[in-house]
Participant: 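Pasting a structure below so you can have a look.
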Number of protein chains: 2
Amino acid sequence: MKYSNQTRILVAVDCIVFGFDGTEYKLLLIQRGFAPEKEKWSLMGGFVQPEESLDEAASRILKQLTGLQDIYLEEMGAFSRPDRDPIERVVAVTYVALIDIEKYQQQINDDFHARWFPMKELPKLIFDHQEMVDIALNKLRYKAAFHPILFELLPEKFTLPQLQTMYEGLYNTKFDKRNFTRKLLSTNLLKKEKEKDKLSSKKGAFYYSLDVKQYKETILTIQNIIPLHEITSVRE
Amino acid sequence: MKYSNQTRILVAVDCIVFGFDGTEYKLLLIQRGFAPEKEKWSLMGGFVQPEESLDEAASRILKQLTGLQDIYLEEMGAFSRPDRDPIERVVAVTYVALIDIEKYQQQINDDFHARWFPMKELPKLIFDHQEMVDIALNKLRYKAAFHPILFELLPEKFTLPQLQTMYEGLYNTKFDKRNFTRKLLSTNLLKKEKEKDKLSSKKGAFYYSLDVKQYKETILTIQNIIPLHEITSVRE
DNA sequence: AGATTAATTGTAATAATTACACTAATAATC
DNA sequence: GATTATTAGTGTAATTATTACAATTAATCT
C-alpha cells in the first residue's frame with residue numbers, strides 16, 4: 001500500500017565540515033566521484049538509502065567519503081530548488097560539523113581526495129554548494145556569538161591565545177586580550193591545566209580544557225530577555 | 001537522464017502554526033483528509049510537487065488547508081525516521097509560523113476543520129507530529145530569549161502589558177513590569193502610538209508598534225561575545 | 001465623589017562591559 | 001652569560017546594564 005499519484009524525489013545529504021588549524025578556518029571538500037561534474041570540488045554528499053534516517057545517512061556519507069567518524073553533525077536546512085541538480089530533481093539536506101583539523105588528520109582518507117581549503121581560497125563548487133557554505137558560515141557566526149561552540153573546533157587542550165585567534169578569525173576582527181580572556185574565564189567553562197604549549201611562543205601559553213559538565217549545563221541556559229533564575233527547562 | 005539505482009522518496013512539508021490570542025498560546029490543527037489516520041488531528045501537511053521548492057510547498061499547503069496566506073514560514077528541520085509513516089516512507093520537512101490569532105481569524109477557512117487548540121489541551125496527533133511541536137516550542141523559547149521575534153505574534157499595534165503577557169506565557173513565569181518595559185524600550189524597536197487600548201483596563205494602555213527599519217537592522221546584530229562595534233555583516 | 005482597576009514611572013545597589021599599557025617568561029642571538 | 005626579541009599574562013577606573021523594589025496616575029464604574 002502506497003500513497004497514490006505522488007511524485008517521489010531523490011533525497012540527498014551534504015556535509016559541510018569546517019576546521020580550524022590554529023591559524024585559519026578551512027573547509028573540507030572532495031572531488032566528486034560521478035557524473036555530472038565528476039572530478040569537480042564538492043561537499044561530501046550522497047543519496048539517502050531506504051532504511052536510514054537523514055542523520056544516519058550524513059554519518060555514513062561522511063565516513064565513506066573521508067574516513068571521518070564519530071563527528072557531531074548538526075542539521076542545517078534543506079535546499080530544494082527544483083533545478084538545483086541538472087540531472088534530476090534532488091532535495092538536499094545539509095549537515096554541519098566543526099572539527100579540530102589536527103586531531104582528525106589521521107582519520108581523513110585520501111581515497112576520495114578529501115582536502116582542506118582555506119575559506120578564502122575555495123575552489124568553484126558544484127551546484128548550489130557555495131550557497132550552502134555561505135549560509136553555514138553565517139549561521140556559525142551567529143551561533144558562536146551566543147554559544148561557546150567554537151571549543152568544538154579545538155583540541156582537548158588549547159591555549160587562550162588560540163581561542164582568541166579562532167574567534168577573531170570567525171569575525172575578521174581583533175579583540176582586546178584582557179577583556180576577551182576575562183569574558184571567557186567568567187563562563188567557568190575553562191579549566192587551567194598545568195602544562196604550557198611551547199610551540200607558538202617563547203614564553204609558552206598555559207593549556208586550558210573544557211569543563212564538560214559545566215558546558216552541558218550552561219549550553220542549556222537562556223540569556224538576555226529572560227532573567228536566569230526564571231528558567232525552568234529548555235530542551236535545546 | 002537520471003541517477004541510476006537510487007531510491008526516490010516522498011517528501012512532505014508539515015506546518016506548525018503557533019498563535020497567541022492575548023492570553024495564551026495555541027496551535028492550529030486540522031483533521032486529516034485522507035487515510036491513514038483520516039479525521040485524526042494533524043499539522044497542516046502535504047507532499048512536495050515536482051515543480052515547487054519546499055518553501056513554496058509550505059505556503060501552498062498552508063493556504064490550501066487553512067486559507068492562511070502571506071505568512072512568514074521558517075524551516076525548522078527534517079523528520080526522517082524510515083517508519084514514521086506507516087504507509088510508505090516519507091521524509092517530512094517542518095516549517096514554523098507565529099501569527100496573531102485575531103488578525104488572521106477571518107482568513108482561516110473551515111473547509112478542512114482547522115481549529116486552534118490551547119497548548120495545554122492538544123489532542124493526540126498523528127505520526128510524529130507531537131514531537132515536531134515539542135521541538136518547535138523549545139526552539140521558539142530559545143530563539144525568543146535572544147531575538148525579539150515574539151512581536152510577530154501580535155497585531156501591528158500592541159500594548160506593553162500584552163507583550164509582557166506573551167513572554168510570561170512562553171516561559172511560564174512572571175517578570176517585573178518596570179524592568180521588562182525598560183528592557184524592551186531600550187532596544188529602540190518600539191514606537192509609542194498616540195492611541196490607547198481601552199479593552200483590557202479602565203486606564204487604558206498605550207499602543208506601541210514595531211519600528212520595522214530598526215528591527216531589520218537589529219536582528220542582524222550579534223551580541224554577547226562580540227562587541228557590537230566590531231560587527232561587519234552577518235547575513236542571518 | 002469615591003472606589004476600583006490596571007498602567008505607568010524612579011532610584012539605589014550591584015554587576016558587567018569597556019578602554020587602555022605595562023611586566024613576565026622564555027628562546028634565540030651575540 | 002648578557003642582550004634582544006617575542007608573545008603571554010595581568011589591573012583599574014569609567015561607563016553602562018541589570019536587578020530589586022512600591023507609589024502614583026488615568027480612566028471607568030457605582
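In this text the structure is predicted, and so the values were computed from the model without any measurement. Below, chains carry the letters A, B, ... as their sequence lines are ordered, and counting in each starts from 1.
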Participant: Could you list the residues that satisfy side-chain contact (heavy atoms from CB on, under 4.5 Å) with B:K202, not counting sequence neighbours?
Facilitator: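 Testing B:K202 for side-chain contact (heavy atoms from CB on, under 4.5 Å), a comparison that skips the adjacent residues, returns none.
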Participant: Whole Å only: how far is the CG atom of A:D197 from the C1' atom of C:dA25?
Facilitator: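 That distance rounds to 14 Å.
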Participant: How many Å lie between OH on A:Y207 and C1' on D:dG9, as a whole number?
Facilitator: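 Computing the A:Y207:OH to D:dG9:C1' distance gives 17 Å.
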Participant: Just checking, is any N or O donor in the side chain of A:Q106 or A:Y104 under 3.5 Å from an acceptor N or O on the other one?
Facilitator: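 No, because no side-chain N or O of A:Q106 sits under 3.5 Å from a partner of the opposite role on A:Y104.
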Participant: Mind checking what makes side-chain contact (heavy atoms from CB on, under 4.5 Å) contact with B:T159, not counting sequence neighbours?
Facilitator: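 Scan of B:T159 (side-chain contact (heavy atoms from CB on, under 4.5 Å), adjacent residues dropped) gives B:P161, B:Q162, B:D197, B:A205, B:Y207.
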Participant: Rounding to an integer number of Å, can you tell me how far A:L185 CG sits from D:dA8 C1'?
Facilitator: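 After rounding, the reported distance stands at 13 Å.
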Participant: Considering only heavy atoms, which members of residues 156-165 of chain A lie under 4.0 Å from some atom of DNA chain C?
Facilitator: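 The answer is none.
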Participant: Could you state the atom-to-atom distance from CD of A:E195 to C1' of D:dA8 in whole Å?
Facilitator: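 It is 17 Å, rounded to the nearest whole Å.
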Participant: Roughly how many Å is it from NZ in A:K174 to C1' in C:dA19, rounded to a whole number?
Facilitator: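 Spelled out: NZ on A:K174 to C1' on C:dA19 is 18 Å.
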Participant: How close or far is atom C1' of C:dG10 from atom CZ of B:F180, stated in whole angstroms?
Facilitator: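 Atom CZ in B:F180 sits about 19 Å away from atom C1' in C:dG10.
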Participant: Got a salt bridge between A:E74 and A:K143, using NZ or NE/NH1/NH2 to carboxylate O under 4.0 Å?
Facilitator: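 A:K143 and A:E74: salt-bridged.
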Participant: Please identify each residue that fulfils salt bridge (Lys or Arg N to Asp or Glu O under 4.0 Å) with B:D21, with sequence neighbours left out.
Facilitator: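 By the salt bridge (Lys or Arg N to Asp or Glu O under 4.0 Å) rule, B:D21 matches B:K26.
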Participant: Identify every side-chain donor-acceptor pair in residues 116-125 of chain B under 3.5 Å, counting partners at least two apart or on other chains, and give the distances.
Facilitator:
none

Participant: Hey, does A:S200 reach any base, or is it just sugar-phosphate, or nothing, if we go heavy atoms under 4.0 Å?
Facilitator: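 The answer is sugar-phosphate, as A:S200 gets under 4.0 Å only of primed atoms, P, OP1 or OP2.
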Participant: Encode nucleotides 21-30 of chain D as B, S and - characters from 5' to 3', where the letter depends on protein heavy atoms closer than 4.0 Å: B to the base, S only to sugar-phosphate, - to neither.
Facilitator: BB--BBBBS-
Participant: Rounding to a whole Å, what distance do you find between B:L190:CG and C:dA7:C1'?
Facilitator: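 For the pair B:L190 CG and C:dA7 C1', the rounded distance is 16 Å.
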Participant: Under the salt bridge (Lys or Arg N to Asp or Glu O under 4.0 Å) rule, collect the residues that match up with B:D100, sequence neighbours excluded.
Facilitator: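 Salt bridge (Lys or Arg N to Asp or Glu O under 4.0 Å) list for B:D100, sorted by chain: empty.
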Participant: Would you mind reading off the distance between B:L199 atom CG and C:dT5 atom P, rounded to a whole angstrom?
Facilitator: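 The answer, rounded to whole Å, is 18 Å.
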Participant: Under the rule for salt bridge (Lys or Arg N to Asp or Glu O under 4.0 Å), what residues qualify as partners of B:E56, not counting sequence neighbours?
Facilitator: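 Scan of B:E56 (salt bridge (Lys or Arg N to Asp or Glu O under 4.0 Å), adjacent residues dropped) gives none.
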Participant: Please enumerate all residues that pass side-chain contact (heavy atoms from CB on, under 4.5 Å) together with A:K196, with sequence neighbours excluded.
Facilitator: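 Expected list: A:K198, A:K203, A:F206.
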